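Labels below follow one simple rule: chain letters A, B, ... track the order of the sequence lines, proteins then strands, and each chain is numbered from 1. Note that the coordinates shown come from a computational prediction; the quantities given were computed from them, not determined experimentally.
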There are 2 protein chains.
Amino acid sequence: MSVTERLLPVHAPMLQFPTQGGELLVGGEKLSLLAARVGQTPFYAYDRALLQARVAELRAVLPPTVKLHYAMKANPMPAVVGWMAGLVDGVDVASAGELAVALDAGASAAEISFAGPGKRDVELRQAVAARVLINVESFREVAVLAAAATELGLPARVAVRVNPDFELKGSGMKMGGGPKQFGVDVEQIPELLALIGRAGLAFEGFHLFAGSQNLRPESICEAQQKSYELALRLAAHAPAPVRFLNLGGGFGIPYFPGEQRLDLTTIGENLRQLAERARQDLPQASLVIELGRYLVGEAGVYVCRVIDRKISRGQVYLVADGGLHHHLSASGNFGQVVRKNYPVTIGNRLDAQEHETASVVGPLCTPLDLLADRMSLPVAQVGDLVVVFQSGAYGASASPQAFLGHPRCLEVLV
Amino acid sequence: MSVTERLLPVHAPMLQFPTQGGELLVGGEKLSLLAARVGQTPFYAYDRALLQARVAELRAVLPPTVKLHYAMKANPMPAVVGWMAGLVDGVDVASAGELAVALDAGASAAEISFAGPGKRDVELRQAVAARVLINVESFREVAVLAAAATELGLPARVAVRVNPDFELKGSGMKMGGGPKQFGVDVEQIPELLALIGRAGLAFEGFHLFAGSQNLRPESICEAQQKSYELALRLAAHAPAPVRFLNLGGGFGIPYFPGEQRLDLTTIGENLRQLAERARQDLPQASLVIELGRYLVGEAGVYVCRVIDRKISRGQVYLVADGGLHHHLSASGNFGQVVRKNYPVTIGNRLDAQEHETASVVGPLCTPLDLLADRMSLPVAQVGDLVVVFQSGAYGASASPQAFLGHPRCLEVLV
């Protein structure tokens with residue numbers, strides 16, 4: 001191995017899907033047969049067993065009293081939400097649209113929570129009618145909820161989303177600390193809690209969410225600890241005992257060369273200590289961990305077909321029938337500053353002897369439509385199946401499917 | 001005026017929409033009344049008169065023999081395509097989906113051209129059946145087209161899309177020069193033309209597209225001139241006389257502070273000279289200019305409503321019912337390296353005395369959902385209408401509308 005090769009960062013190994021006869025197995029099915037069953041490319045496929053295994057892995061390290069919630073914004077496919085609802089303790093929704101999917105999927109209203117910096121009046125009323133927990137994120141919401149509760153003759157179950165005075169270090173996205181649209185600044189929380197008390201809302205707890213897509217256990221532990229301490233201080237001002245303490249999530253998965261999978265050991269130990277303290281400090285409270293991407297991201301692949309093979313000035317282009325319009329984040333156009341490759345392979349040529357440097361592009365008339373930029377891939381021909389790993393979260397629903405009038409992708413849970 | 005104020009770049013003035021009583025007029029209608037007519041926010045509104053005026057402005061500087069095409073990928077709303085089809089000489093489509101919209105809209109098949117680096121076999125067959133001009137972008141397409149032509153008993157009308165050996169300098173996106181998935185390298189064109197001749201396809205011309213969103217007239221003129229020279233050299237190898245010579249587009253519009261509107265004078269003069277030469281060099285050829293964004297971008301606004309007003313650590317947040325999911329590019333997440341503000345205002349408070357520094361955020365649970373980052377805006381309250389200018393192109397169709405389960409936006413042509 002040359003020095004250059006040793007220094008180049010590589011993708012974390014994608015061993016979650018087994019292989020057979022040179023083909024990836026998704027949901028136990030050979031990729032080519034799965035494509036035949038779906039009936040078209042491109043499609044997303046999500047593996048039930050991998051979703052189950054990921055939840056089991058978390059349960060093994062989390063203390064039994066900590067509740068595990070699924071943040072369905074990561075993957076709102078109804079079949080996925082239904083499957084996850086049967087595995088986790090609760091579902092977190094980000095809109096009335098997601099709320100409807102969660103309820104249809106059989107999630108228990110008692111364990112659904114609704115967060116969002118811009119909830120419309122009608123959405124707040126829907127949430128009261130559905131008897132779910134609403135994360136209050138502004139003073140305005142209190143009055144709207146009080147009116148809805150009176151009108152409907154139902155309690156308005158609320159938690160308070162806190163914009164803390166710290167952030168989750170090393171996050172892909174920072175969602176706390178400094179001025180933010182999310183939640184209410186910690187400095188204003190005592191005033192908000194007093195208002196909630198006067199308005200007669202049913203206070204149930206706090207929600208703190210400091211950031212997402214973090215691969216550093218020590219940062220996650222620090223944020224959880226600080227969130228806990230902060231909630232404890234705020235609980236003194238609460239109009240009722242804390243029943244839910246949502247410490248957020250932020251657990252990341254490896255997307256890009258050089259990134260490694262998160263080690264859960266210290267996070268589990270940290271939560272065990274916090275749960276122990278909570279038994280004394282907040283005896284009626286459940287600690288909640290809210291995860292989206294971490295639960296579903298690694299269990300999904302995006303699959304498209306090579307429809308042309310072109311060589312332009314020495315560079316190989318595999319032109320696929322899918323791309324940016326189905327998988328914006330893999331094209332590097334969703335919240336990334338520098339474009340990097342997702343892990344990509346040719347899913348029906350895994351035992352190929354020959355590899356080559358190739359780019360995978362989509363069918364759109366824009367240079368942004370790029371799924372792999374000069375990666376080493378098995379030599380592929382027209383008809384072969386391109387696989388983009390780590391595609392179970394923020395894929396189909398986070399992409400501009402109508403762009404340029406190409407067919408929408410399908411989704412399948414296997 | 002202080003030195004700092006003088007040095008800060010500002011947005012080009014957005015004077016295309018008149019105002020009345022402190023309100024923007026779109027399609028001659030006050031914004032608040034237009035919102036009432038649409039029946040919901042958020043929505044996009046496109047102004048017929050502005051579309052017409054932009055075409056007239058181009059016609060005034062273009063020589064009469066140059067054909068003006070609309071690249072409908074910029075805005076595929078059927079009503080817009082129908083309106084544009086009545087104003088321009090032809091429509092350019094990027095997929096069979098767009099082709100169907102163009103035909104339904106009444107565009108003449110003789111003047112439709114179909115480009116795309118990844119056309120599926122079925123799409124090529126549809127294009128032959130529709131009798132439109134197909135821009136061939138790979139050797140593979142020739143065989144597919146020949147088979148379709150034989151089977152359907154129709155000619156396969158083709159132009160050749162050339163990947164030139166130069167690029168459009170200063171473009172927002174480079175689409176020619178170096179290795180590319182678009183078109184066929186100029187070095188391989190003689191071979192491709194011979195194949196087209198042998199396959200019996202109906203050769204009609206060339207398509208060169210060097211880049212897009214360019215605000216430098218001299219760069220556009222240079223690219224047009226080089227494209228012309230290149231096409232002339234290649235015409236010597238063509239199996240039939242050149243009837244269409246598509247010189248691309250690339251005309252930009254000002255989005256960000258410091259950008260100015262494109263001066264068309266030198267471009268018009270340059271095209272006049274090229275058209276004059278073409279009368280001698282390629283007597284049967286029409287020169288074609290293909291524009292998308294430049295035709296429709298400035299004629300459209302995105303309108304959403306303030307649903308909350310929050311102050312977090314001294315910073316004002318206007319929380320709107322629209323955002324990234326409807327207008328990805330205004331959020332800075334579509335092909336931009338550094339996020340910059342689109343021109344934004346409060347469309348029903350244009351005569352406000354008081355201004356303040358405020359951020360406009362959408363309802364999504366992500367810090368990416370940002371329409372204006374600390375801009376000086378009229379002081380706004382809940383219920384006011386946020387307007388994002390320069391939103392007629394790459395808006396609704398280029399956005400992940402399903403993201404987080406919020407309602408889709410509407411579109412209206414007025």
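- When the candidates Gly405(B), Gly118(B), Ser312(B), Pro363(B) are compared by the number of heavy-atom contacts under 4.5 Å with chain A, Ser312(B) comes out ahead.
- When the candidates Met72(A), Gln188(A), Gln315(A), Glu98(A) are compared by the number of heavy-atom contacts under 4.5 Å with chain B, Glu98(A) comes out ahead.
- In this structure, no portion of Phe139(A) lies under 4.5 Å from any heavy atom of chain B.
- Neither the backbone nor the side chain of Leu99(A) comes within contact range of chain B, judged by heavy atoms closer than 4.5 Å.
- When heavy atoms are compared at a cutoff of 4.5 Å, Val316(B) does not approach chain A at all.
- The side-chain heavy atoms of Pro407(A) and Arg120(B), taken from C-beta on, include a pair separated by under 4.5 Å.
- For a residue to count as touching a neighbouring chain, one of its non-hydrogen atoms must lie under 4.5 Å from one of that chain's; by this rule Leu324(A) touches chain B with the side chain only.
- With hydrogens and angles ignored, the 3.5 Å screen pairs no side-chain donor or acceptor of Lys310(B) with any backbone N or O of Lys180(A).
- A heavy-atom distance below 4.5 Å is found between the side chains of Asn163(A) and Arg313(B).
- Ranked by heavy-atom pairs under 4.5 Å with chain A, the first of Leu404(B), Asn333(B), Asp369(B) is Leu404(B).
- Once rounded to the nearest 0.5 Å, the distance linking CD1 of Ile307(B) with CD of Glu123(A) reads 7.0 Å.
- Atom OG of Ser331(B) and atom CZ of Phe334(A) lie 7.5 Å apart (nearest 0.5 Å).
- Proximity to chain B is limited to the side chain of Leu328(A), based on heavy atoms less than 4.5 angstrom apart.
- The side chain to side chain contact (heavy atoms under 4.5 Å, CB included) search around Val144(A) returns Asp121(A), Leu124(A), Arg140(A), not counting sequence neighbours.
- In terms of heavy-atom pairs under 4.5 angstrom with chain A, the leader among Ala402(B), Gly97(B), Ser95(B), Ala94(B) is Ser95(B).
- Comparing Lys119(A), Gln401(A), His325(A), Glu187(A) by heavy-atom pairs within less than 4.5 Å of chain B, the highest count is held by Glu187(A).
- When heavy atoms are compared at a cutoff of 4.5 Å, Pro117(A) approaches chain B by way of both its backbone and its side chain.
- Interatomic distance, Leu318(A) CG to Gln181(B) CD, rounded to the nearest 0.5 Å: 11.5 Å.
- Between atom SG of residue Cys365(A) and atom CZ of residue Arg161(B) there is a gap of 5.0 Å, rounded to the nearest 0.5 Å.
- Of the possible donor and acceptor atoms, none in the side chain of Lys73(A) sits under 3.5 Å from a partner among the backbone N and O of Leu364(B).
- Of the listed residues Asp321(A), Val338(A), Val319(A), Leu370(A), the one with more heavy-atom pairs under 4.5 angstrom with chain B than any other is Val319(A).
- In this structure, the portion of Tyr317(A) lying under 4.5 Å from any heavy atom of chain B is its side chain and not its backbone.
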